[in-house]
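The next block holds one structure in the form of C-alpha cells; read it before the comments.
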Amino acid sequence: MSFRKRIKTVILTMKILSIKTHPDSILRVRCRPVEEITPQIRELFENMHLTMTNFKGIGLAAPQVGVDSRIIVADIGKGAIKLANPIIIKVNGSDIMEEGCLSVPDTHIKIKRPCEAVIGGLNENGSQIEIKAEGLLARVLLHEIDHLNGKLIIDHLNVIKRILYYHKMKKKAR
Ligand code: ZN
C-alpha cells in the first residue's frame, strides 16, 4: 500500500520591499490585527525577512514596508522569528542600549528597555507561540512592537533632544 501525499505548492513572489522613512504617515498608525495566516501573509513574512536582511537590519515591522498589519520579523543571527499579532506577556529588568532604525536613517538613540521579555503571537504556520527573549533579541522585539503602535525611536527622546532632532531634520531637508 502506498500513500501519496498531496503537496500544496504555493508560489511565492520574493522581492525586496521599499522602506518607509520618517515622517511617512504609515509609521504613525496603530496597525490592525491579522485574522488568519494566509498565503499572502506568508509571502509578506518572506519579503519582509528578505528586505530586512538586504538592508542589514535585525528587525522589521510591517508599517515600515507600508502595510498596516500587526506583523514583525527579527533575526539577530540565531534564526529568523516571524510573528503576527505579537503581544508582550511579561517583561523584566532594564538596560540602556543605543538603537537605530531603518525608518529613521542616520540616527542612533540610547533607549532604556526591559532586558527580558516573553512575547506571544502567531508564527508563519498560524500556531500560537511564546518566545522567551533576553538582551538584544528582547530589545529588537519590543522595538518592532513599538512600530505596530505607531511609535518610533525618536519618541523615546526627552523634549530638548527631540527639538534638536527635528531641527537637524529640517536643516537636512533644505
Ligand atoms: Zn525600527
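Bear in mind the structure is a predicted one, so any value in this text is a computation, not a measurement. One-based numbering, in listed order, for ligands and for the atoms of each.
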I'd like to know if Glu46 pairs up with Lys82 as an ion pair, taking the criterion as any Lys NZ or Arg NE/NH1/NH2 lying under 4.0 Å from an Asp or Glu carboxylate oxygen. yes
For the side-chain contact (heavy atoms from CB on, under 4.5 Å) test, which of Leu152, Ile153, Ile71 pairs with His147? Leu152
Sequence neighbours excluded, every pair satisfying salt bridge (charged side-chain N to carboxylate O under 4.0 Å, His left out) that has a member inside residues 147-158: Arg28-Asp155
Hey, does the side chain of Thr51 reach the backbone of Leu17 with a donor-acceptor pair shorter than 3.5 angstrom? yes
Does a side chain donor of either Glu99 or His108 reach within less than 3.5 Å of an acceptor in the other side chain? no
Let me know which of Val73, Leu122, Ile129 forms a side-chain contact (heavy atoms from CB on, under 4.5 Å) with Leu83. Ile129
Using a cut-off of 2.8 Å, how many protein N, O or S atoms lie below it in distance from the Zn ion (ligand 1)? 3
